[in-house]
Amino acid sequence: MALLENVLVVALMGFCLLVSGQSSQEELYQTLKKKDSLLFDAAFNTCGVNILHTLFTEDFEFYHDKVGLTQGKEAFVGSIAKNCSGRNKELPQPAKRILVAGSLEVYPLFNDGKLYGAVQHGVHHFEFLNQNQQYEKGDIAKFTHVWVLQDGTWKIKRELSYDHHLQEQ
């Protein structure tokens, strides 16, 4: 009987560890999903340059399969600010980014058991205003963000945007 009790205790402890691991994994997923939404809302919808400054490390690098490499937070955020400067906020946004449902994945990164970063991967597509001021489908692409914890705050250190191609109409 004692053997059965010991087995049950060990099994219960393992189950508790598994559940707590899933809970923290889910928490990380939800945190970075919110950050992803904040990033693209600031870049496409609100031109939130101040928000963008909080989301990237100083040595941020952006690798894009069509427009090349952008090095540094200031260069990246500066290019978005320049695109936003002439935009009339009363008019519809010229482009929309849509995350493909179910495509977002998050993988934690540990150093000696301590969480220091995460890899976030997903698929998104874009829509653009045409000459009739109607949205039409543009590219679909994959993205990968390398997030790091910097002074308790999640920031993107590296971003890859690749496999851009026209989505089927």
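Counting begins at 1 with the first residue of the sequence.
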Could you pull out all donor-acceptor pairs under 3.5 Å where a side-chain atom in residues 143-155 meets a protein atom, sequence neighbours excluded?
from, atom 1, to, atom 2, distance (Å)
Thr144, OG1, His121, ND1, 3.2
Thr144, OG1, Tyr162, OH, 3.0
His145, ND1, Gln120, OE1, 3.0
His145, NE2, Glu159, OE2, 3.4
Trp147, NE1, Gln120, OE1, 2.9

Checklist outcome for this item: Separation between CD1 (Ile156) and CG (Leu39), nearest 0.5 Å, reads 5.0 Å
Next on the checklist: So for atom NZ, which belongs to Lys157, do other residues, nucleotides or ligands contribute more than 12 heavy atoms lying within a distance under 6.0 Å?
Outcome noted: yes
Next on the checklist: Looking at Glu105 and Val119, would you say the former's side chain and the latter's main chain have a donor-acceptor pair under 3.5 Å?
Outcome noted: no
Next on the checklist: Would Phe56 and Phe62 count as a ring pair (Phe, Tyr, Trp, His ring centres under 6.0 Å) here? Give the steps.
Outcome noted: CA-CA 10 Å; Phe56 301 100; Phe62 179 56; 8.7 Å; no
Checklist outcome for this item: Here the gap from Cys47 atom SG to Asp41 atom CG, rounded to the nearest 0.5 Å, amounts to 10.0 Å
Checklist entry - Closest approach of Ala43 and Cys84, non-hydrogen atoms and distance? => result O-SG, 4.5 Å
Checklist outcome for this item: Rounded to the nearest 0.5 Å, the CZ atom of Phe44 sits from the CD1 atom of Ile98 at a distance of 9.5 Å
Next on the checklist: Test your reading of the model: is there a side-chain donor-acceptor pair from Asn132 to the backbone of Gln134, 3.5 Å cut-off?
Outcome noted: no
Checklist entry - Are Phe128 and Phe40 connected, step by step, through hydrophobic side chains (Ile, Leu, Val, Met, Phe, Trp, Tyr) whose heavy atoms are closer than 4.5 Å? => result yes
Item to check | CA sep, side-chain torsions, deciding dist, call: His165, Ile140, side-chain contact (heavy atoms from CB on, under 4.5 Å) | outcome: CA-CA 6 Å; His165 57 278; Ile140 189 166; 3.3 Å; yes
Item to check | For the student: nearest non-hydrogen atoms of Leu109 and Ala118, plus distance | outcome: CD1-N, 3.7 Å
Checklist outcome for this item: Between the NZ atom in Lys33 and the CD atom in Glu26, the distance rounded to the nearest 0.5 Å is 9.0 Å
Item to check | side-chain contact (heavy atoms from CB on, under 4.5 Å) assessment of His125 paired with Leu166 | outcome: CA-CA 9 Å; His125 64 92; Leu166 283 178; over 6 Å; no
Next on the checklist: Here's a test for you: under side chain to side chain contact (heavy atoms under 4.5 Å, CB included), which of Leu38, Asp36, Val77 qualifies with Leu55?
Outcome noted: Leu38
Pairs of donor and acceptor atoms involving the side chains of residues 64-72, under 3.5 Å and at least two apart or interchain, shall be tabulated with distances.
from, atom 1, to, atom 2, distance (Å)
His64, ND1, Lys66, N, 2.9
His64, ND1, Val67, N, 3.2
His64, NE2, His164, NE2, 3.3
Asp65, OD1, His164, ND1, 2.6
Asp65, OD2, Asp163, N, 2.8
Asp65, OD2, His164, N, 3.1

Checklist outcome for this item: Output for pair (His124 NE2, Asp139 CG), nearest 0.5 Å, gives 9.0 Å
Next on the checklist: Just verifying a value: how many Å separate Asn45 CG and Lys96 NZ, rounded to the nearest 0.5 Å?
Outcome noted: 9.0 Å
